[in-house]
Amino acid sequence: MELPLVLLATGAAVLTDLDVASTSSTTKSVMKKLPEVTLAFWVMKIAATTLGETAGDLFAQTLKLGYFLTTVVLFLVFVVTLVVQLRSSHYNPFFYWTVILSTSMAGTTMSDFMNRDASAKYLSNGATKLGWGPQGLGLGYPEGAAILISILLAIFLAWKLSGMTFQIRDIVTFRGEALFWAAILVSNTLGTSMGDFLSDSSGLGYLGGALLVTGVLAVLVALMKVPAVPNVLLFWIAFVLTRPLGATAGDFLTKPVAKGGLDLGTAGSSAVLLAVLFALMAYAHVQERRSAKEGQAPVTRRAE
């Protein structure tokens, strides 16, 4: 994992001043498009990414569609949900979290396709083929993570050079939201690679990997009190790390007991997680409508 770590360190200079970007002063009034970052936000993020892991595995592995075909289908689902979100004139919890879920599902199979192959290590029960099309690129987790970190840093660099804000509560332009979702898709794919590495290759197992990520997230929370550390940097690191937390949690729910999991299956786990996520989205929708009735002022949208 040395190369991904070196790339992440190299990108620190780009990430450390993300919160100083400014936007055009010309404005027109619209409602906000993205949610406030609260504890509920992170709970829903972990629920969505865990469901993304189990649902992605359900289509690719349990239903034997394969990594390639499932990736193509789920990427198209992501595009459709993203169009709905971008066309919305205000923040809608169902639209927003559906895109998060679609990026998590697509990110799961994109990561698997990049990192895995048709060897016995990845195909169980003596199978030699999984679904239609290429079985996987077989890059491995370190190389796959290096590529994804490079792409993510390139997105952040383009974002910074555009002069638009990185503060989520202030992202109210079409271009800013498009860059935001590009970063979300890549970060969820990267997080899947990190989670699979922790679960499968690090020796920590599912529970150990989840505990490690949780410990790092606790450190990030502590760093929020340090003025020298930009909160925007902490947010994006946390956003990436909640994906491997969801990946390891999903694997823990679905994998056999012999491999350290609970063996609940991808279908059962996905159904339960989907119900939990919809309940959380309904709660967020009620809270959003309540806030609107209380007369909260809308955020203004900067002209492109």
Side-chain angles (χ1 to χ4, degrees), residues 34-35 37-67 69-85 88 91-113 131 181 184-185 187-189 191-192 195-196 199 206-207 209-210 213-214 239-257 261-289:
L34 302 177
V37 180
T38 62
L39 177 60
F41 172 92
W42 292 112
V43 171
M44 294 179 72
K45 169 63 164 58
I46 294 171
T49 54
T50 305
L51 175 57
E53 177 73 14
T54 59
D57 288 345
L58 171 64
F59 292 119
Q61 300 176 26
T62 305
L63 299 180
K64 301 186 183 302
L65 297 179
Y67 302 131
L69 181 59
T70 306
T71 294
V72 172
V73 172
L74 291 181
F75 186 81
L76 292 176
V77 171
F78 159 69
V79 172
V80 171
T81 59
L82 179 60
V83 169
V84 173
Q85 164 67 19
S88 176
Y91 169 59
N92 184 307
F94 287 98
F95 294 167
Y96 176 86
W97 289 106
T98 299
V99 185
I100 292 290
L101 176 58
S102 67
T103 62
S104 298
M105 292 191 297
T108 295
T109 55
M110 287 168 62
S111 170
D112 289 343
F113 179 72
W181 287 115
I184 294 298
L185 178 62
S187 66
N188 275 335
T189 308
T192 301
D196 288 342
S199 299
Y206 306 125
L207 184 58
V213 174
T214 301
F239 202 97
V240 171
L241 288 179
T242 49
R243 185 63 186 92
L245 181 60
T248 52
D251 286 339
F252 180 65
L253 291 173
T254 60
K255 300 302 182 183
V257 175
L262 295 179
D263 199 18
L264 299 180
T266 55
S269 298
S270 297
V272 172
L273 289 167
L274 183 61
V276 171
L277 183 59
F278 265 97
L280 291 171
M281 287 193 292
Y283 174 77
H285 182 69
V286 170
Q287 292 294 99
E288 191 68 21
R289 293 190 64 178

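For this chain, numbers begin at 1 and follow the sequence in order. On a predicted model such as this, the values are computed, not experimentally measured, just so you know.
- Among residues two or more places apart in sequence or in another chain, the side chain to side chain contact (heavy atoms under 4.5 Å, CB included) test is passed with Leu280 by Val43, Met44, Ala47, Val276.
- Listed by chain and number, the residues in a side chain to side chain contact (heavy atoms under 4.5 Å, CB included) with Thr62 are Leu58, Thr266 (sequence neighbours excluded).
- Contacts of Thr71 classified as side-chain hydrogen bond (donor to acceptor under 3.5 Å, both in side chains), with partners at least two apart in sequence or in another chain: Thr109.
- Applying the side-chain hydrogen bond (donor to acceptor under 3.5 Å, both in side chains) rule to Ser111 yields the partners Asn115, Ser193; only residues at least two apart in sequence or on another chain are considered.
- Qualifying side-chain hydrogen bond (donor to acceptor under 3.5 Å, both in side chains) partners for Thr189, counting only residues two or more places apart in sequence or in other chains: none.
- Using modelled atom types, no side-chain atom of Ser88 and backbone atom of Val84 make a donor-acceptor pair closer than 3.5 Å.
- Scored by the side chain to side chain contact (heavy atoms under 4.5 Å, CB included) test, Ser102 finds Val77, Phe78, Thr81, Val99 as partners (sequence neighbours excluded).
- Listed by chain and residue number, Phe68 satisfy the ring-ring contact (aromatic ring centres under 6.0 Å, His included) test with Phe113 (two or more places apart in sequence, or in another chain).
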Determine, step by step, whether Thr108 and Tyr67 satisfy the side-chain contact (heavy atoms from CB on, under 4.5 Å) criterion, reporting the C-alpha distance in whole Å, the side-chain angles of both residues, the deciding distance to 0.1 Å, and the verdict. CA-CA 9 Å; Thr108 295; Tyr67 302 131; over 6 Å; no

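- Counting only residues at least two apart or on different chains, the ring-ring contact (aromatic ring centres under 6.0 Å, His included) pairs with a member in residues 269-289 are Phe94-His285.
- Partners of Ser269 according to the side chain to side chain contact (heavy atoms under 4.5 Å, CB included) rule, which considers only residues two or more places apart in sequence or in another chain, are Thr54, Leu253, Thr254, Leu264.
- For CZ of Phe41, the number of neighbouring non-hydrogen atoms (other residues, nucleotides, ligands) closer than 6.0 Å is greater than 12.
- Atom CE in Met105 sits 6.5 Å away from atom CZ in Phe59 (nearest 0.5 Å).
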side-chain contact (heavy atoms from CB on, under 4.5 Å) between Met110 and Leu185, intermediate numbers included: CA-CA 10 Å; Met110 287 168 62; Leu185 178 62; 4.3 Å; yes

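- Every residue two or more places apart in sequence or in another chain that forms a salt bridge (charged side-chain N to carboxylate O under 4.0 Å, His left out) with Asp112 is listed here: Arg116.
- Side chain of Lys45 to main chain of Phe239: a donor-acceptor pair is present (N/O by atom type, distance under 3.5 Å, no hydrogens or angles).
- Atoms CG and NZ, on Leu69 and Lys64 in that order, are 14.5 Å from each other to the nearest 0.5 Å.
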